[in-house]
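Values in this document were obtained by computation on a predicted structure and should not be read as measured data. Side-chain atoms are counted along with the backbone in the values below, which use heavy atoms only and exclude waters and symmetry mates.
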2 protein chains.
Amino acid sequence: MPSALERSKALFIRRWGELSGYWGINRTMAELHALLYISAEPLCTDDIMAALQISRGNASMNIRQLVDWGLITRQHRKGDRKEYFAAETDVWEMFQCIVRERRRREVEPIIETIERCRKMAAEELETLSEAERQQAEIYGRRLNDLAEFLNAVNALLNALLSSGQPGIEMLKAILPPS
Amino acid sequence: MPSALERSKALFIRRWGELSGYWGINRTMAELHALLYISAEPLCTDDIMAALQISRGNASMNIRQLVDWGLITRQHRKGDRKEYFAAETDVWEMFQCIVRERRRREVEPIIETIERCRKMAAEELETLSEAERQQAEIYGRRLNDLAEFLNAVNALLNALLSSGQPGIEMLKAILPPS
DNA sequence: AAATAGTTTCAGATTGATCTGAAAGTTCAG
DNA sequence: CTGAACTTTCAGATCAATCTGAAACTATTT
């Protein structure tokens, strides 16, 4: 029978994994991250395979991705050829890694696409009938609204990312003086 | 050969759909939303099926979900038994719908789980060895940090959601006076 | 109350994402 | 250079999410 501590950790890992679906990352990657985040010591690949019951290949792939995101780092020990992995434990740093990656994958591409769509729709406008031209006008306005909003979001994210180390304090500062 | 306008719309819909993976919603739901967002007129189920090349069942399911999220609304026309659907076109309202739903699905459950994990880990502490107790201490600290951060995020989201109609202006106000 | 127009549901099919495990690759010590 | 220790890759297997389509259901008209 596992201890309450073990069960608590398992629950945390499972839940973090379940939420992964909403984050555009896969379950195993999220579980792996949770495992390292709550681990007192860096773990090696075999530790991870045993803890999450996954294959070596799967572990390797997901470790690599987490390293790419900047959420975990490789570590070495003197006189040991194995690699060990440790998670970033500063929550604010973690958050920045995630924001940076998601902005790159989501916000920027859609802004870029909207720009392309606007250019494309502007072509051939003169060849359209009156009714079609009205439709095009509405379409253009919708794209515009969205682009304006996304640019504001993007600027906000930039501000968050470049705000050095004020960390959680900055977030709190934004809040209404409750 | 479709007009530039058609191609532009198709591109926008496709791209919005591709990004859905990062949003925890499925591709069709995102495409359906994009289609309605850029449409000048409300569309009926058959229009949607034709535009996206999907089955009636699929259309029905995804329409329902979008209605649940509050991103589209049902509309009726005098002397017509069909239902028509229109997207919320105010970008700020749209954003609020999404934030509300995602907070409910992601932020709140993980905060709740962390609380449970903390309670669970606190049990049986006295039965642990010295080494284990140190591990438990670190684990508790990590959960703490995360909970603190998530509570700040949650409060920020609440502020955004309850901020009435200042809309994009508020977002901009947060930004550094560039 | 029967016919018609439209909507919803859900079992099974399809598709796409993820995982495995063995082979290939890499690094290092001797 | 060779072997040992470890890591990465990737073709095929597995699994989960999504989609289809036909039947069941609901609402409206005559």
- Item | Interface residues of residues 28-39 of chain A with DNA chain C (non-hydrogen, below 4.0 angstrom) | T28(A)
- Query: Could you state the CD-P distance from Q65(B) to dT8(C), rounded to the nearest angstrom?
  - Reply: 13 Å
- Between H76(B) (NE2) and dA5(C) (P), how many Å, whole number? 18 Å
- Message: Once you apply a heavy-atom cut-off of 4.0 Å, does N62(B) come out as touching a base, just sugar-phosphate, or nothing?
- Response: sugar-phosphate
- Atom-pair distance (CG on N26(B); P on dA16(D)), nearest Å: 18 Å
- Message: Is it true that, when you exclude R133(B) itself, more than 12 heavy atoms of the residues, nucleotides or ligands shown sit nearer than 6.0 Å to its CZ?
- Response: yes
- Taking N151(A) for its side chain and A147(A) for its backbone only, find out whether a donor-acceptor pair lies under 3.5 Å. yes
- Query: Rounded to whole angstroms, how far apart are OH on Y22(A) and C1' on dA17(D)?
  - Reply: 13 Å
- Message: Both D80(B) and R27(B) contact DNA chain C. Taking the nearest nucleotide for each, which residue is further toward the 5' end?
- Response: D80(B)
- Query: Under a 4.0 Å N-O cut-off, is there an ion pair linking R141(A) with E137(A)?
  - Reply: yes
- With S60(B), which residues qualify under side chain to side chain contact (heavy atoms under 4.5 Å, CB included), at least two apart? none
- Let me know the distance between CD1 of I25(A) and P of dT18(C), rounded to the nearest Å. 10 Å
- Item | For atom OH of Y84(A) and atom C1' of dA5(D), their distance in whole Å | 12 Å
- Message: Main chain of L161(B), side chain of Q96(B): is a donor-acceptor contact present, judged purely on distance under 3.5 Å?
- Response: yes
- Note on the structure: In whole angstroms, the gap separating C1' of dC19(C) from CD1 of I48(A) amounts to 16 Å
- What string of B, S and - do you get for nucleotides 20-30 of chain C 5' to 3' if you count protein non-hydrogen atoms under 4.0 Å? BB-----BB--
- Query: Is K9(A) salt-bridged to E6(A), going by a charged N under 4.0 Å from an acidic O?
  - Reply: no
- Task: Please name all residues satisfying salt bridge (charged side-chain N to carboxylate O under 4.0 Å, His left out) with R77(B), sequence neighbours left out, ordered by chain then number.
- Result: none
- Message: Without decimals, in angstroms, what is the distance between E83(B) CD and dT8(C) C1'?
- Response: 11 Å
- Note on the structure: Students should find that the hydrophobic cluster of L11(B), defined by side-chain heavy atoms under 4.5 Å apart, otherwise consists of M120(A)
Name each donor-acceptor pair under 3.5 Å that joins a side chain in residues 31-46 of chain B to protein atoms two or more places apart or in another chain, with its distance.
{"residue": "H33(B)", "atom": "ND1", "partner": "W16(B)", "partner atom": "NE1", "Å": "3.2"}
{"residue": "Y37(B)", "atom": "OH", "partner": "R142(A)", "partner atom": "O", "Å": "2.9"}
{"residue": "S39(B)", "atom": "OG", "partner": "E41(B)", "partner atom": "N", "Å": "3.3"}
{"residue": "S39(B)", "atom": "OG", "partner": "E41(B)", "partner atom": "O", "Å": "2.5"}
{"residue": "D46(B)", "atom": "OD1", "partner": "R56(B)", "partner atom": "NH2", "Å": "2.9"}

